[in-house]
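Comments concern the structure below.
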Amino acid sequence: MRARFTACVVPHAFVGSKVITHPLFQSSDAVPVGWHSELGAALAPHVLSGWSAFSVDAVRAAGLDLLKQGAIRLKEVEATAGLGQFVVTSPRKLEEAIAQLDTEAVARHGVVIEENLDNVITYSVGMTCLFGDLISYWGTQRLATNNDGATVYGGSTLHVVRGGFERLAGLDLADDLKQGIKKAIAYDAIVSKFYPDLMASRRNYDVAAGINSFGEIRIGVLEQSWRAGGASGAEIAAFKAFARDPELSAVTCATMEIYGEIDAAPIGSIVYYSGIDAVAGPMTKYAMELE
């Protein structure tokens with residue numbers, strides 16, 4: 001059975017989640033049908049150090065192993081916008097985090113255990129096809145404080161060019177950014193090789209650049225986002241700009257998510273939501289082309 005997401009079709013539901021980014025710590029851990037044990041090893045040069053697990057015992061074993069290398073981060077696979085994550089610095093903190101996990105959700109969707117970085121910049125690297133037109137981009141994400149006081153995703157600024165990943169890879173950019181783009185392109189190619197039935201008109205990757213517990217600079221893909229996501233509004237704004245001006249070769253567009261305010265979008269922006277959400281509370285979401 002195929003699982004359907006906005007803008008993509010994946011051969012198995014877990015393929016559309018962050019759990020494929022890392023290998024299993026315990027080979028005996030039960031995994032969903034269609035899991036390729038070799039994929040994690042193939043992706044390892046392009047991602048942060050980490051493991052995936054489908055049982056609480058495996059989460060504990062993988063967490064204790066990775067703690068030898070410094071602070072770690074546990075990530076619930078179904079959580080989005082930066083929620084459902086726990087930074088762990090000791091075995092005691094690991095047990096506290098595990099106590100908050102839903103055992104059935106762990107078995108069904110998995111958990112990612114990954115090295116934690118400080119002073120992180122999260123890049124978005126992506127390629128989108130719409131009505132036969134192809135764009136690619138790199139961008140940065142911003143954080144926001146939601147109505148519950150938690151730090152969550154707050155929007156993206158995208159630097160967009162016409163064409164695919166080959167055009168993006170040829171841009172003259174800073175070394176860490178070029179490395180992040182190269183890793184995202186490699187991640188895309190490797191996953192497509194293991195799952196050739198994957199179809200995605202939007203291929204977006206979150207890439208982290210930060211400092212690990214030993215003061216080393218680390219750059220790696222965190223996860224893919226093939227569904228419509230927080231940056232999709234900026235992608236649509238870029239398509240509009242290119243359609244308006246056939247001579248335009250590059251454009252910068254942004255999305256914003258503002259909590260605690262309604263009608264907060266500036267004049268000229270594309271408003272996606274303005275009101276009081278039943279779950280998130282008062283907020284405004286919009287996209288716009290930047291000068």
Side-chain angles (χ1 to χ4, degrees), residues 17-23 38-52 66 69-73 75 82 85 87 112-128 134-143 153 155-194 198 200 202-226 229-231 234-235 238 249-255:
S17 79
K18 60 176 68 76
V19 76
I20 65 169
T21 299
H22 299 292
E38 303 88 356
L39 176 59
L43 291 175
H46 313 291
V47 304
L48 303 180
S49 298
W51 302 102
S52 290
L66 204 56
Q69 302 177 33
I72 63 175
R73 183 178 293 264
K75 301 193 292 189
Q85 300 190 15
V87 176
V112 169
I113 307 98
E114 196 171 68
E115 65 176 313
N116 184 62
L117 301 182
D118 293 318
N119 301 320
V120 177
I121 298 174
T122 303
Y123 296 112
S124 293
V125 178
M127 177 174 64
T128 304
L134 187 63
I135 63 170
S136 57
Y137 58 83
W138 70 270
T140 52
Q141 298 181 11
R142 67 179 63 83
L143 298 177
Y153 172 81
S156 298
T157 298
L158 304 184
H159 305 279
V160 189
V161 296
R162 295 181 187 270
F165 277 146
E166 70 286 346
R167 174 74 191 281
L168 196 66
L171 297 178
D172 184 15
L173 301 169
D175 288 343
D176 61 339
L177 182 52
K178 287 183 71 70
Q179 185 179 157
I181 290 172
K182 182 178 180 181
K183 287 176 180 287
I185 294 173
Y187 187 112
D188 181 83
I190 291 168
V191 173
S192 296
K193 177 181 177 181
F194 276 85
L198 166 68
R202 179 182 191 258
R203 293 174 179 256
N204 175 278
Y205 299 90
D206 291 345
V207 181
I211 308 297
N212 67 11
S213 296
F214 298 99
E216 301 166 332
I217 298 175
R218 296 281 288 136
I219 300 172
V221 177
L222 298 175
E223 60 184 293
Q224 79 282 17
S225 177
W226 297 321
E235 296 169 39
S249 61
V251 66
T252 299
C253 299
T255 59

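Just the heavy atoms: all of them, side chains too, but no hydrogens, waters or symmetry mates, feed the values below.
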To the nearest 0.5 angstrom, please state how far the [atom1] atom of [X] sits from the [atom2] atom of [Y].
| X | Y | atom1 | atom2 | value |
| --- | --- | --- | --- | --- |
| Ile113 | Leu66 | CD1 | CG | 8.0 Å |
| His46 | Leu43 | NE2 | CG | 7.0 Å |
| Met127 | Phe165 | CE | CZ | 4.5 Å |
| Thr21 | Glu114 | OG1 | CD | 7.0 Å |
| Leu117 | Leu222 | CG | CG | 8.0 Å |
| Ile181 | Leu177 | CD1 | CG | 4.0 Å |

So, do [X] and [Y] sit near enough that their side-chain heavy atoms are less than 4.5 Å apart?
| X | Y | result |
| --- | --- | --- |
| Ile20 | Tyr187 | yes |
| Asp206 | Val221 | no |
| Gln224 | Val191 | no |
| Ile219 | Tyr123 | no |
| Val207 | Trp138 | no |

Does [X] use its side chain to pair, donor to acceptor, with the backbone of [Y] at less than 3.5 Å?
| X | Y | answer |
| --- | --- | --- |
| Arg218 | Ala208 | no |
| Glu115 | Ser49 | yes |
| Ser52 | Val19 | yes |

| Residue Ile217 excluded, over 12 heavy atoms near CD1 under 6.0 Å |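 Atom CD1 in Ile217 is not crowded, with 12 or fewer foreign heavy atoms closer than 6.0 Å.
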
| Counting only heavy atoms not in Lys178, do more than 12 sit closer than 6.0 Å to its NZ atom? |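 Enclosed.
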
| request: Quick one: do Ser136 and Glu166 satisfy side-chain contact (heavy atoms from CB on, under 4.5 Å)? Show the steps, please. | output: CA-CA 9 Å; Ser136 57; Glu166 70 286 346; over 6 Å; no

Which heavy atom of [X] sits nearest a heavy atom of [Y], and at what distance?
| X | Y | answer |
| --- | --- | --- |
| Cys253 | Ala238 | SG-N, 3.6 Å |
| Ser124 | Leu158 | CB-CD2, 4.2 Å |
| Ser156 | Gln141 | OG-CG, 3.7 Å |
| Gly220 | Leu48 | N-CD2, 3.8 Å |
| Ile190 | Ala42 | CD1-O, 3.4 Å |
| Pro23 | Ala41 | CB-N, 4.4 Å |

| Donor + acceptor pair across side chains of Ser213, Gln69 (<3.5 Å) |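 Judged by distance alone, the side chains do not pair up.
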
| task | Given side-chain contact (heavy atoms from CB on, under 4.5 Å), test Glu235 with Thr255 step by step and report yes or no. | result | CA-CA 9 Å; Glu235 296 169 39; Thr255 59; over 6 Å; no

| Should Leu171 and His159 be marked as a side-chain contact (heavy atoms from CB on, under 4.5 Å) after you check the CA-CA gap, both sets of side-chain angles, and the distance that decides it? | CA-CA 11 Å; Leu171 297 178; His159 305 279; over 6 Å; no

| request: Tell me, please, which residues at least two apart from Asp188 pass salt bridge (charged side-chain N to carboxylate O under 4.0 Å, His left out). | output: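 Salt bridge (charged side-chain N to carboxylate O under 4.0 Å, His left out) check on Asp188 returns Arg203.
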
| task | Show the numbers, then the answer: is there a side-chain contact (heavy atoms from CB on, under 4.5 Å) between Tyr153 and Leu143? | result | CA-CA 5 Å; Tyr153 172 81; Leu143 298 177; 5.6 Å; no

| request: Using the test side-chain contact (heavy atoms from CB on, under 4.5 Å), find all partners of Glu216 that sit at least two apart in sequence or belong to another chain. | output: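 Residues passing side-chain contact (heavy atoms from CB on, under 4.5 Å) with Glu216: Asn212, Phe214.
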
| query | His22 and Trp51: aromatic ring centres closer than 6.0 Å? | reply |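 Centroid separation for His22 and Trp51: 6.0 Å or greater.
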
| Tyr205 vs Trp226 aromatic rings, parallel, tilted or perpendicular, using cut-offs 30° and 60°? |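 Perpendicular.
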
